[in-house]
Novice: 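Would you mind keeping the following structure in view while I ask a few things?
What's counted below: heavy atoms across the whole structure, side chains too, no hydrogens, waters or symmetry copies.
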Amino acid sequence: MEISTRYTPADHEASVYRSWEGSGGFQPRPPQHGERTFTVMIPPPNVTGVLHMGHALNNTIQDIVIRHRRMSGWCALWVPGTDHAGIATQAVVERKLFEEEKKTRNDLGREAFLERVWSWKEKHGNYILEQFRRMGFSCDWSRTRFTMEPGMSRAVREAFVRLWEKGLVYRGPRLVNWDCVLETAVGDDEIEYVQRKDKLYHIRYPIQGRAGEYVSVATTRPETMLGDTGVAVNPGDERYQGLIGRTLVLPILGREIPLIADETVDSEFGTGAVKVTPGHDPEDYERGARHRLPIVNLYEKDGRLNSNGGPYAGMTREKARAEIVKKLDELGLLAKVEPYEHSVAVSDRSKSVIEPLVSEQWFVKMKPLAEPAIRAVKSGALRFRPERWTKVYLDWLENVRDWCISRQLWWGHQIPVWYDEDGVPVAAREDLALGSPHPNTGKPIVRQDEDVLDTWASSWLWPFATLGWPDLTDDLQRFYPTQFLSTAREIIYLWVARMVMAGYEFLDHLPEESRCPFEVCYVNATVLDSQGKRMSKQAGNGIDPIEMIDKYGADAVRFSLILLTREGQDVKLSPDRFEQGWRFGNKVWNAARFVLLSLEGPRSDGTSASAARLEDRWILSRLAAAREDVSAALEEHRYNDAATSLYRFVWNDLCDWYLEIVKPRMLSQTDPTATAARGTLARVLSDALSMLHPFTPYMTEVLWKALNERISRAAPMLMNSRWPDGAGLVRNAAAEVEMQTIQDLVRAVRSVRLLTGIGERKPLTVQVAAPRAAERAVLEAHAQTVKSLAFLESWELRESVQRPPNSAVAVAGSLEAFVSLTEDIDLDKLRQSLAKRAEKVKAGIATCDARLGNPAFVERADPDIVEEERSRRAEMALELALLEKNVAGLSEGASSR
RNA sequence: GGGCGAUUAGCUCAGUUGGUUAGAGCGCUACGUUGACAUCGUAGAGGUCGUAGGUUCGAGUCCUAUAUCGCCCACCA
């Protein structure tokens, strides 16, 4: 296969993905005795979803984990799927229905409307999964699940009925967040708060039996006074001491309501008296319950006032407010109106102002479910990364409130509860036919509950329902529990905690220690824009991953994201930040290109033992180090560290040094060490591609194929190949030290060239002073390497050298390199550079001296540290001497000219 | 009000259990197309680590306070 000088992702990605899928490579291997399984369940995106950077990051991490495990010999399974997302999906279809046909869901009726939703889902529902494919994610698509499919429905019913049977499900009145446009209750998480400039109205409530005396209350929603059943003050508030327990007269309606004392009232705010509207305010609901105040419900489902609104019945909230304010004013009961800024709850979906109101809802008692979930982290069965999220999780569980699981929607799992003619409910696993006898009362069933379940009531079963639960399928036995969950912090409560509860509650065929649905919950970074604002659809500041893929390729998007994202640290992104990954890909591609072009001829096996020269031992040592670093980093969820290690190894070690050093060996027809060089190149490339594969799967797969062809190696696709085991690789400290000497000298000579303007490739004659025998031996042995890297025509290597007249000089550690000059060259910059370096070294020595001169340091510090300090000081002293000598020498030279 | 995170080079960020002369990428400056790569190479300039205290022989690293930015929870009559 021909390798062009640039990698063009668009030419490869689709076909590589097809070959992965075609080979069945995403599916776990057939079961075998003693296998180790590694399972990840994707956090199912909404069917209405469109790929954003948060998905891209979160799922890239999962793909890295899965690919790494797959290559490391685990039987790896990554289950994909989507969430039916009740409100979001219903809203999309409703909007479309209205735009295209000017119809509402009520015009169609439940059944016909649901058909529309399903057909929308069939048509558009897989869009985001297609986008996941473009990212290169290796999910087992044959196991794709959807939270509304029949299997999930069975699981949802089973779970509901079990809770019902244990008495954990109950129905009761509840103040819910009512969306008057969508006409449904919405969860607390489906609300946003908007700062609004509004008015605060002070209203006088006459005190019964004390003509002309009032208690004033302040409110932003005067129309809710119609539902007031009390007024509360703080029991410690002296202003009201004599009044507590008296009766007030509600203006307009004339209802008599008590003045009560309640600890939660803030005396500092307003008049210190607060109207209590248990039907339409969460806090008041609590207060009302404590004091047994009646609840008055004021609204119809669409937000208009009902008959409790008296003269205002039938009006909208806004109209009623205006009328009531006017009336109060006329009655002289409006004490004052002041401007007031506060936050108002608005529905995410409809943007209408949320009206808290009381309605009958189904609840799940959460306390008993929370207990095992708390034990899960305390026992270590579940670990959070970063660890600090454990506290967040526990705080929520320890203060958990009952879960309102009913939603007044059509799109969702209809609650499996039926009522007989007396309204006695019963939950059932199988549909109860109308007219059939109620299992408990024997009376005919007349209807099913119309509400559906909260979306999370299906997704909390995701880790096992996807594997076939409630049936004890082979998959469930084999792949549950999973090992890793990667998700976003905002759903730790909504989803993560509930999955843990569900695991302990429902998988009662397993011992408790095997029920936790995942071992590690990795909480992802939040993706921010370059201003540090959270990327969101509403803000319109998102970067489209697909656009980035089109521009840079999926590998570049993945690698950039991982490189930039430190564990637990939010990441700021701008489109140009994807260039780094793209550049790196180009580097890898071209390094591979060079290697492939150099492999003609016999090859060694590429082990450290077969290394012929220092640079071979060195690069294999670096490879061994990189392998250890990367493996450890992946193990510890430090994905960016793993990517950084690979980046450095490939770019700084392999490309900058090894490939450059080895070039002459490859070009020479006679160099007997070329065999070892080729073997080393092949080994290094092979291992590097393998380790890069989880990060940049497409490109590495392409290059893997090319490498195998080139070296006639029969190997499976890289995706199914083995993670490098390090066989035959040896860490070689001596080789690294020796190589360092060469690098230092070469860099020093290059620096001289640039500082003096000699020119980068002008052949030079150099005399090198190497007072240390070991370094001299190394340089002697690698004279060719030094000469070619530093572009030396000739050099002399001696123990010491008298500085030749008219020469420039480089200092590197204990080494000096004197460059004979053939023409007049300004050495000023060179001298300044040496002098500056001398200053720095001098400062370093001063630091050392301060430490070593301190008896406490020498006494108390670790002896190794002291020893290290001494030898460092000696090294610096030696270098400083050389620097100062040559600064002086150069000054003389300059003045003598 | 409670909790959490961040603050290190112009920008974006690393900096492991306190111990080298505090690093990287981008940007910037200078030079350079040698057969992997100009989507490149080489060299260089540039921070004393938000502020104030403290612990310690020694603090970017630990403690306290404080400032600024951001997030989460609760509350908002």
Novice: From CD of E579(A) over to P of C13(B), roughly how many Å is that when rounded to an integer?
Specialist: 17 Å

Novice: Can you see if the side chain of K533(A) gets near the phosphate of G70(B) - specifically, an N or O under 4.0 Å from OP1 or OP2?
Specialist: no

Novice: Which nucleotide in the list C37(B), G41(B), U21(B) gets nearest to the side chain of M876(A)?
Specialist: U21(B)

Novice: Nearest whole Å is fine: how far is A36(B) P from L599(A) CG?
Specialist: 13 Å

Novice: Write down the distance between CZ (F594(A)) and P (G41(B)), rounded to a whole number of angstrom.
Specialist: 15 Å

Novice: Report the residue (G844(A) or Y647(A)) whose heavy-atom-nearest nucleotide on RNA chain B is the more 5′ of the two.
Specialist: G844(A)

Novice: Kindly say if R583(A) contacts the phosphate of C26(B), meaning a side-chain N or O under 4.0 Å from OP1 or OP2.
Specialist: yes

Novice: So, is R221(A) close to the C76(B) phosphate, meaning a side-chain N or O under 4.0 Å from OP1 or OP2?
Specialist: no

Novice: Once you round it to whole Å, what is the distance between P of C71(B) and CZ of R489(A)?
Specialist: 11 Å

Novice: Rounded to whole angstrom units, what separation is found between the CD atom of E868(A) and the C1' atom of G18(B)?
Specialist: 14 Å

Novice: Salt bridge or not for E875(A) and R872(A), using N-O below 4.0 Å?
Specialist: no

Novice: Does U17(B) have a Watson-Crick or wobble partner in any strand here, with both distances under 3.5 angstrom, and which is it?
Specialist: none

Novice: From CG of L685(A) over to P of A36(B), roughly how many Å is that when rounded to an integer?
Specialist: 15 Å

Novice: Assess whether one donor atom and one acceptor atom, taken from the side chain of E760(A) and the base of A30(B), lie less than 3.5 Å apart.
Specialist: no

Novice: Going by heavy atoms in the side chains, are M225(A) and L250(A) under 4.5 Å from each other?
Specialist: yes

Novice: Please determine, for the side chain of Q569(A), which listed nucleotide (C31(B), A6(B), U21(B)) has the closest atom?
Specialist: A6(B)

Novice: Where the side chain of K663(A) is concerned, which of G27(B), A36(B), U21(B) is the nearest nucleotide?
Specialist: A36(B)

Novice: Side chain of R761(A): nearest nucleotide among G41(B), U34(B), C76(B)?
Specialist: U34(B)

Novice: Return the value, rounded to whole Å, for the distance between atom CD of Q580(A) and atom P of U12(B).
Specialist: 15 Å

Novice: Rounded to the nearest Å, what distance is computed from the CG atom of residue D529(A) to the P atom of nucleotide C71(B)?
Specialist: 11 Å

Novice: Taking the ring of F584(A) and the ring of F695(A), is the distance between their centroids below 6.0 Å?
Specialist: no

Novice: Evaluate the ring planes of F578(A) and Y552(A), with Trp represented by its six-membered ring, and classify them as parallel (under 30°), tilted (30 to 60°) or perpendicular (over 60°).
Specialist: parallel

Novice: Heavy atoms from C-beta onward define the side chain here; which of C37(B), G46(B), C13(B) lies closest to that of K836(A)?
Specialist: G46(B)

Novice: Any base atoms under 4.0 Å from A591(A), or only sugar-phosphate, or nothing? Heavy atoms, all strands.
Specialist: base

Novice: Does CD in E338(A) sit with more than 12 non-hydrogen atoms of other residues, nucleotides or ligands closer than 6.0 Å?
Specialist: yes

